[in-house]
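The next block holds one structure in the form of structure tokens; read it before the comments.
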Amino acid sequence: DYTRRPVAAVETDVRHYRSWYGVTGIFLDEVSSDRGGVPYYRQLAGYVHGMDPGSTVMLNPGRYPDRQYMSIGDIVMVYENSYAGFVRLHVPRWVANYPASKFAYAIYATSGAQLASALRLSEGRNAGYIYVTARSGSNPYGSLPTYWPREDAILAAQCAAGRVPGSSAS
């Protein structure tokens, strides 16, 4: 809730998710992107890593945040919006200073005809994690897109070619 939830409440959620589901990674949604939120998220990431040193903390500001966030999140979702906005996205120069494995994109309202373009742009913009869907509205993640097998095949081929960070061939 963009730093409005007390840290203790979020830490309680983290403990619950870990005990209920056995998760070791945490996805923090509705993350602020300005410098003022840095201490809040640093404390939460420290808590998660303290519970499980091998855990992953993914932050989702949905836009490029203040650069300090890159030292907090293991992965930062820097884009969560439509394909129409994605084609116009300005990528800050500092992105090149980080491995692609630090960045994630979620691109929705993407037609099947736009899928290959979205994946190519993501690769060129240093994204290590990519999800593209045709869905839109209040929950574009309610189901997989009809083109999911094609999306999966394209990304698998990129991994096999060593073009996606974190793949066994890279």
Side-chain angles (χ1 to χ4, degrees), residues 1-81 86 89 91-108 119 121-133 139-142 144 148 151-152 154-170:
D1 196 20
Y2 306 101
T3 71
R4 292 187 291 257
R5 285 192 71 214
V7 168
V10 178
E11 290 173 347
T12 298
D13 286 348
V14 168
R15 283 192 306 277
H16 286 157
Y17 294 141
R18 188 164 192 250
S19 71
W20 295 337
Y21 307 114
V23 298
T24 58
I26 295 293
F27 178 87
L28 297 175
D29 203 7
E30 297 183 352
V31 170
S32 64
S33 60
D34 63 18
R35 187 174 297 238
V38 167
Y40 178 89
Y41 297 109
R42 193 174 306 282
Q43 183 175 347
L44 288 173
Y47 180 78
V48 172
H49 288 135
M51 286 186 68
D52 186 347
S55 63
T56 298
V57 174
M58 185 172 190
L59 303 177
N60 182 16
R63 62 178 13 172
Y64 286 100
D66 182 280
R67 194 170 174 178
Q68 290 184 57
Y69 283 79
M70 300 312 295
S71 67
I72 300 169
D74 299 301
I75 303 166
V76 181
M77 184 172 289
V78 295
Y79 189 80
E80 183 182 19
N81 212 318
F86 187 64
L89 178 66
V91 178
R93 286 180 172 246
W94 57 259
V95 168
N97 296 328
Y98 295 90
S101 60
K102 292 286 285 184
F103 301 100
Y105 290 156
I107 309 161
Y108 54 81
L119 295 175
L121 284 169
S122 297
E123 182 182 4
R125 292 175 176 172
N126 202 31
Y129 299 92
I130 306 153
Y131 177 69
V132 182
T133 184
N139 182 10
Y141 311 113
L144 293 173
W148 176 252
E151 180 174 348
D152 186 47
I154 292 168
L155 291 172
Q158 287 177 336
C159 285
R163 294 186 359 233
V164 175
S167 69
S168 59
S170 61

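What you see is a predicted model, and the numbers here were worked out from it, not measured in a lab.
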In chain order, what residues pass the side chain to side chain donor-acceptor pair (under 3.5 Å) check against [X], with sequence neighbours excluded?
X     : result
Glu80 : Asn60, Tyr141
Tyr98 : Arg67
Thr12 : Arg15
Asp1  : Arg4

Can you name the salt bridge (charged side-chain N to carboxylate O under 4.0 Å, His left out) partners of [X], sequence neighbours left out?
X     : value
Arg93 : none
Arg42 : none
Asp66 : Arg35
Asp29 : none

Does a side-chain heavy-atom distance below 4.5 Å link [X] with [Y]?
X     : Y      : value
Leu89 : Arg125 : yes
Leu59 : Ile75  : no
Pro65 : Val76  : yes
Val31 : Tyr2   : no
Val91 : Asn126 : no

Residue pair Leu28, Val57: steps toward the side chain to side chain contact (heavy atoms under 4.5 Å, CB included) verdict: CA-CA 7 Å; Leu28 297 175; Val57 174; 4.2 Å; yes
Charged N to carboxylate O under 4.0 angstrom, Asp74 versus Lys102?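 Between Lys102 and Asp74 there is no salt bridge, as every charged N stays at least 4.0 Å from the carboxylate O atoms.
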For Tyr105, check ring pair (Phe, Tyr, Trp, His ring centres under 6.0 Å) against everything at least two apart and list the hits.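 Listed in chain order: Phe86.
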Would you please name every residue forming a side-chain contact (heavy atoms from CB on, under 4.5 Å) with Ala96, sequence neighbours left out?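 By the side-chain contact (heavy atoms from CB on, under 4.5 Å) rule, Ala96 matches no residue at all.
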Test side-chain contact (heavy atoms from CB on, under 4.5 Å) applied to Thr24 - qualifying residues, sequence neighbours left out: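 If we apply the side-chain contact (heavy atoms from CB on, under 4.5 Å) test to Thr24, skipping adjacent residues, the hits are Asp52.
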Okay, side chain of Glu151, backbone of Val132: is any donor-acceptor separation there less than 3.5 Å?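 A pair under 3.5 Å: yes.
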Kindly assign one of parallel, tilted or perpendicular to the pair His16 and Trp20, based on the angle between their ring planes and the thresholds 30° and 60°.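 Answer is parallel, since the angle falls under 30°.
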Just grab all the ring pair (Phe, Tyr, Trp, His ring centres under 6.0 Å) pairs involving residues 35-67, residues at least two apart or on different chains.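 Residue pairs passing ring pair (Phe, Tyr, Trp, His ring centres under 6.0 Å), neighbours aside: Tyr41-Tyr69.
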